[in-house]
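What you are looking at is a predicted structure, and each value in this text was computed from that prediction instead of being measured.
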Amino acid sequence: MKVIIGENFKNYFSLSLKVIIAFWSISFFTIKASIAFPQMIRHGYTSCNTCHAAPRGGGILTDYGRALSKELLSTWSYEGEENWHHGLIKPDKVPTWLKLGGDFRSVQVHSKDQMATIGRYIEMQEQVEVAVQHKNTWMSVTAASDTLLESKPWYIPGFFISTHLTPELHVRVGKFVPRFGINAPEHIYATRGPIGFGYQTERETLELTYLTQKWDVSMAAVRGQLKNVKAADGVFAQINYSFGTKDRVGISFANNFKEDQALAIGAHALIGFTESLYLITDTVWRTTKSTIASYPQGLFHFAKLGYEIEKGLHIILIEDIRKNDLAADNSTQSMYGIGFTFFPRPHWEFQGVWTRRTNLARSQEPGDYAWFLMHYYL
């Protein structure tokens, strides 16, 4: 088993290194003198709660986060466009303690290999969020439509109350996805959906976080059931450390006790090489126990290398590898590709990616897998 794991890591490292070298070569000949802020980590924002009510990021934006979405993220904007409803409702008309938000995501997917050609439009996310802020305390409730059902009824996927016990110590209780790895919104990637952190994986959670300029340490106890009715009792922990102002590395731990029995250990990093070039990477080792297999071990890896060629427009390279069972050669799925992410104006995001994907359970030959993502946030 040690030999198998070692060989896999060598292969993954070699492929990652080739991708990084290739992208550096492209960047060397295409670099321009421009103001660029491709990822918030690259502008000195190592903590998610600078811009979001939730410590793990995502969801309701703070007033400061809305301002950054205009000043640093978007290509074009007009005065007040970053505000809720594009500034049509003036901030002074809304109580300062009330925050409104929401996310609507859809994607057009194209898949082609030797066995089939598939095109599909998917409504991934339709949700609104209401939050109330009183000093250092937040209360939030999210309502969403169940996009997995044809009728799409609305329900309450998550809620939380969070507050600071001390300037460094923060507690949050409610129903939400516990912190593990990088909270990437693209849940198809190996270190998100495939290991249990996709959509509708909120669970009853008590989370304690210790946050300083350099350290971000959290522990969580989880209980209850997931949306798919699986019992979800377990414990989570995450440690993040920032060496400077534009980088963060961390490790994560998760141990589920009930139906989805699994032990997962991960390592992740967000690194800003320059004001335009950045790397986001996440690797997870996971062992599970079920009635049909005794602790099969899997390895999951994701990396995104990005370069902002103009404000709001990013060229990205993707590497995504999952080996569900290290002892089975045909359990490997890999995906390598190139694409773009574009933030034309506040509230809007578009992403297009083309990849070559190999699924050894289906075929030895790679096929095409591409998507175009549309994201609107309130």
Side-chain angles (χ1 to χ4, degrees), residues 30-54 57-108 123-133 138 140 142-144 183-186 246 272 274-278 280 304 306-316 339-353 371-378:
T30 59
I31 236 171
K32 294 183 179 180
S34 62
I35 300 173
F37 307 99
Q39 291 282 13
M40 293 305 145
I41 187 74
R42 321 239 3 292
H43 199 55
Y45 296 99
T46 57
S47 176
C48 298
N49 63 2
T50 302
C51 298
H52 298 272
I60 286 283
L61 287 166
T62 62
D63 293 340
Y64 188 69
R66 286 192 178 277
L68 290 185
S69 74
K70 173 190 173 184
E71 299 299 329
L72 304 185
L73 194 65
S74 305
T75 303
W76 305 289
S77 63
Y78 57 78
E79 188 65 30
E81 186 177 1
E82 74 278 11
N83 294 320
W84 189 75
H85 214 276
H86 301 261
L88 295 179
I89 299 177
K90 303 300 180 183
D92 58 1
K93 302 298 182 182
V94 180
T96 57
W97 49 265
L98 179 64
K99 309 298 178 185
L100 305 171
D103 290 278
F104 301 86
R105 282 185 176 89
S106 63
V107 64
Q108 178 67 44
E123 294 183 21
M124 296 193 303
Q125 186 181 26
E126 298 173 351
Q127 71 177 44
V128 293
E129 185 176 359
V130 179
V132 174
Q133 181 184 18
W138 285 90
S140 171
T142 300
N183 184 28
E186 299 94 343
K246 298 179 181 179
T274 70
E275 285 194 351
S276 298
L277 189 66
Y278 58 94
I280 300 172
K304 177 194 291 186
Y307 178 74
E308 187 179 54
I309 57 177
E310 295 290 347
K311 182 185 174 185
L313 179 59
H314 305 238
I315 298 299
I316 56 175
F340 70 89
T341 302
F342 183 35
F343 302 91
R345 312 191 70 92
H347 304 283
W348 293 101
E349 175 194 3
F350 299 96
Q351 184 182 93
V353 177
W371 67 85
F372 180 72
L373 171 74
M374 296 153 281
H375 174 209
Y376 173 73
Y377 59 96
L378 293 176

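Remark: Arg105 pairs with no residue by the salt bridge (Lys or Arg N to Asp or Glu O under 4.0 Å) rule, at least two apart or across chains. For Glu123, the side-chain contact (heavy atoms from CB on, under 4.5 Å) partners are Tyr121, Glu126, Lys152, not counting sequence neighbours. With sequence neighbours excluded, the residues satisfying side-chain contact (heavy atoms from CB on, under 4.5 Å) with Thr341 are His314, Ile316, Phe343, Glu349, Gln351. For Tyr376, the ring-ring contact (aromatic ring centres under 6.0 Å, His included) test picks out His86, Trp348, with sequence neighbours left out. Partners of Thr75 by side-chain contact (heavy atoms from CB on, under 4.5 Å), not counting sequence neighbours, listed by chain and number: Phe342.
Rounded to the nearest 0.5 Å, atoms OH (Tyr377) and CD (Gln125) are 14.0 Å apart. To the nearest 0.5 Å, the span separating CG on Leu73 from CZ on Arg345 amounts to 13.0 Å. Interatomic distance, Thr142 OG1 to Asp103 CG, rounded to the nearest 0.5 Å: 9.0 Å. With rounding to the nearest 0.5 angstrom, the CH2 atom of Trp371 is 14.5 Å from the OG atom of Ser106.
Between Ser74 and Pro346, the shortest heavy-atom contact is OG-N, 3.1 Å. Between Pro344 and Phe350, the closest heavy-atom pair is CG-CE1, 3.8 Å. Taking every heavy atom of both residues into account, Phe372 and Gly352 meet most closely at CD1-CA, 4.2 Å.
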Please report, to 0.1 Å, the donor-acceptor pairs under 3.5 Å made by any side chain of residues 91-102, with sequence neighbours excluded.
{"residue": "Lys99", "atom": "NZ", "partner": "Asp63", "partner atom": "OD1", "Å": "3.0"}
{"residue": "Lys99", "atom": "NZ", "partner": "Asp63", "partner atom": "OD2", "Å": "3.0"}
{"residue": "Lys99", "atom": "NZ", "partner": "Thr96", "partner atom": "O", "Å": "3.1"}

Under the criterion side chain to side chain contact (heavy atoms under 4.5 Å, CB included), I'd like the reasoning laid out for Ser77 against Glu82: C-alpha separation, chi angles, the key distance, then a yes or no.
CA-CA 8 Å; Ser77 63; Glu82 74 278 11; 5.9 Å; no

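Contact of the Val128 side chain with the Phe104 side chain is registered, since non-hydrogen atoms from C-beta on lie closer than 4.5 Å. Met124 is listed as a side-chain neighbour of Leu373, based on a closest heavy-atom distance under 4.5 Å.
Using modelled atom types, one side-chain atom of His347 and one backbone atom of Asn83 make a donor-acceptor pair closer than 3.5 Å.
We find that Glu81 and Lys70 are not joined by a salt bridge, their nearest charged nitrogen and carboxylate oxygen being 4.0 Å or further apart.
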